[in-house]
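Quick caveat: nothing in here was measured; it's all calculated off a predicted structure.
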Amino acid sequence: MDFHNSTDLDSNLLRQLFLRHTYPYRHDRLQVRVRYSRGADFSGTCYYTEGRVFINLGRHLKYPYRTGTHIAKSQSNERCWWRETFFLVVPGPVELVLFVYLHELYHYLVKRAGKDPRRKESRCDRFATRILVDNFNCRVIDRHGRPIDRSRWDFQDPHKLVAAAPREPLTLWDLAEQDQPRQIPVTIRGARTGRRCKS
């Protein structure tokens with residue numbers, strides 16, 4: 001990964017987080033730039049063909065920060081379609097930058113998997129939100145601040161769509177884990193213990 005950070009955030013930490021949560025997908029073609037925005041709270045851009053990702057972070061933000069997402073299930077009636085806004089609460093700027101990176105990364109992975117990367121906002125948000133919730137204890141809430149049950153937003157496997165995206169070669173550690181015997185529970189029915197069989 002060709003990485004550069006011009007903000008005051010810890011560059012080594014950001015790069016480590018980006019690499020950790022990009023795995024198992026390849027990152028050698030990615031060019032990632034983190035910089036301050038010119039006024040917006042945050043934004044992200046992905047140029048799929050070149051593998052360039054730009055992340056812009058507002059200097060003025062206060063944390064914890066609540067960002068709207070597209071992770072809710074879409075709904076419809078006879079007239080229209082709509083989607084409720086669920087909010088992800090991030091504790092600091094590092095987590096917000098990671099969220100934007102993961103969102104843009106998913107667009108890139110969709111393209112690398114041979115799919116159309118457009119109109120995938122909900123999947124990108126869901127991919128990023130899962131990682132933030134599972135690894136950084138971020139919360140998902142509604143507009144009134146009430147917690148949202150995970151089943152209402154985590155209803156797709158984001159890795160299924162990008163299964164064809166190039167992956168990192170397996171390491172010796174990965175192979176060792178695969179070679180470990182699986183624990184299979186066995187129940188022997190009809191067996192009696194403590195008795196001798198008559199011959």
Side-chain angles (χ1 to χ4, degrees), residues 5 7 9 14 17-18 20-22 25 30 32-48 52-113 115-163 165:
N5 167 43
T7 72
L9 301 180
L14 287 180
L17 288 174
F18 289 0
R20 180 187 310 163
H21 296 293
T22 300
Y25 304 103
L30 281 174
V32 182
R33 301 292 181 264
V34 182
R35 57 197 183 185
Y36 284 119
S37 73
R38 296 182 179 179
D41 282 6
F42 67 89
S43 63
T45 306
C46 179
Y47 295 94
Y48 316 119
R52 295 164 60 196
V53 174
F54 292 93
I55 302 163
N56 305 304
L57 177 69
R59 297 174 182 265
H60 60 282
L61 299 185
K62 305 296 183 183
Y63 299 92
Y65 179 81
R66 188 178 81 163
T67 178
T69 70
H70 298 89
I71 59 178
K73 294 181 180 180
S74 58
Q75 305 176 61
S76 66
N77 56 25
E78 296 178 354
R79 297 182 179 181
C80 62
W81 288 82
W82 74 92
R83 189 190 306 273
E84 187 177 354
T85 299
F86 291 163
F87 296 88
L88 178 70
V89 182
V90 294
V94 169
E95 292 81 5
L96 181 56
V97 167
L98 179 61
F99 175 80
V100 179
Y101 168 74
L102 292 170
H103 177 103
E104 300 303 332
L105 171 68
Y106 196 77
H107 279 298
Y108 173 74
L109 293 176
V110 171
K111 178 67 174 180
R112 295 284 285 155
K115 311 289 185 180
D116 184 354
R118 295 175 296 177
R119 298 184 297 277
K120 298 291 190 298
E121 297 305 310
S122 61
R123 289 176 181 265
C124 294
D125 275 0
R126 200 168 295 117
F127 175 76
T129 299
R130 289 181 83 187
I131 291 174
L132 269 293
V133 169
D134 290 341
N135 295 276
F136 299 91
N137 296 315
C138 295
R139 297 179 299 124
V140 177
I141 60 175
D142 65 15
R143 61 191 181 92
H144 300 293
R146 297 173 298 206
I148 298 294
D149 187 87
R150 185 159 183 158
S151 63
R152 295 181 62 190
W153 61 267
D154 192 6
F155 53 88
Q156 290 176 318
D157 179 6
H159 296 283
K160 186 175 182 180
L161 181 67
V162 298

For R33, salt bridge (charged side-chain N to carboxylate O under 4.0 Å, His left out) partners two or more places apart: D2

Spacing of CZ belonging to F127 relative to CG belonging to L132, to within rounding of 0.5 Å: 11.0 Å

Would one find more than 12 heavy atoms of other residues, nucleotides or ligands at under 6.0 Å from atom NE2 of H107? yes

From D154 CG over to D134 CG, what is the distance, rounded to the nearest 0.5 angstrom? 7.5 Å

What's the shortest heavy-atom distance between P91 and C138, and which atoms? CD-SG, 3.8 Å

Nearest 0.5 angstrom please: L105 CG to R112 CZ, how far? 11.5 Å

Crowded around Y47 OH? As in, over 12 foreign heavy atoms under 6.0 Å? no

List the steps and the verdict of side chain to side chain contact (heavy atoms under 4.5 Å, CB included) for W153 and V133. CA-CA 12 Å; W153 61 267; V133 169; 4.0 Å; yes

Scanning both residues in full, the closest heavy-atom pair of V100 with S43 reads CG1-O, 3.6 Å

Looking only at heavy atoms, the pair that brings G68 and T85 closest together is CA-CG2, 3.9 Å

May I have all residue pairs that pass side chain to side chain donor-acceptor pair (under 3.5 Å) and include part of residues 89-101, sequence neighbours excluded? T22-Y101

Would you say F18 and I55 make side-chain contact, with heavy atoms under 4.5 Å? yes

Where the side chain of R35 meets the backbone of N56, is there a donor-acceptor pair that is under 3.5 Å apart? no

State whether the side chain of Y108 and the backbone N or O of L30 hold a donor-acceptor pair below 3.5 Å, judged by distance alone. no

Give, for atom OH of Y63 and atom CG of L96, the distance between the pair rounded to the nearest 0.5 Å. 5.0 Å

Using only heavy-atom distances, determine whether the side chains of Y25 and H159 contain a donor-acceptor pair under 3.5 Å. yes

Does D125 reach the main-chain N or O of T69 with its side chain, forming a donor-acceptor pair under 3.5 Å? no

Over all atoms of both residues, closest heavy-atom pair of R130 and Q156: NH1-O, 3.8 Å

Parallel, tilted or perpendicular, judged at 30° and 60°: which one describes the rings of F99 and H103? tilted

Show every ring-ring contact (aromatic ring centres under 6.0 Å, His included) that has at least one partner inside residues 128-150, sequence neighbours left out. H21-F136

Does the side chain of I71 come within less than 4.5 Å of R83's, by heavy atoms? no

Euclidean distance, Y65 OH relative to L88 CG, rounded to 0.5 Å: 11.0 Å

Carefully, step by step, assess K120 and L161 under the rule side chain to side chain contact (heavy atoms under 4.5 Å, CB included). CA-CA 11 Å; K120 298 291 190 298; L161 181 67; 4.0 Å; yes

R152: which residues meet the side chain to side chain contact (heavy atoms under 4.5 Å, CB included) condition with it, sequence neighbours left out? E84, F86, I148, D149

Looking at every non-hydrogen atom in both residues, tell me the closest pair between A72 and F155 and how far apart they are. C-CE2, 4.3 Å

Taking salt bridge (Lys or Arg N to Asp or Glu O under 4.0 Å) as the cut-off, I'd like each qualifying pair that reaches into residues 137-147, sequence neighbours left out, listed once. D142-R146

Could you please spell out the steps behind the side chain to side chain contact (heavy atoms under 4.5 Å, CB included) verdict for Y106 and V110? CA-CA 6 Å; Y106 196 77; V110 171; 3.6 Å; yes

Would V94 and L14 count as a side chain to side chain contact (heavy atoms under 4.5 Å, CB included) if you check the C-alpha gap in whole Å, the side-chain angles of each, and the deciding distance to 0.1 Å? CA-CA 7 Å; V94 169; L14 287 180; 4.1 Å; yes

Apply salt bridge (charged side-chain N to carboxylate O under 4.0 Å, His left out) to R79 and list each qualifying residue two or more places apart in sequence or on a separate chain. none

Which heavy atom of L9 sits nearest a heavy atom of L57, and at what distance? CD1-CD2, 3.9 Å

Spacing of CG belonging to L109 relative to OH belonging to Y48, to within rounding of 0.5 Å: 12.0 Å

Is it true that, when you exclude K111 itself, more than 12 heavy atoms of the residues, nucleotides or ligands shown sit nearer than 6.0 Å to its NZ? no

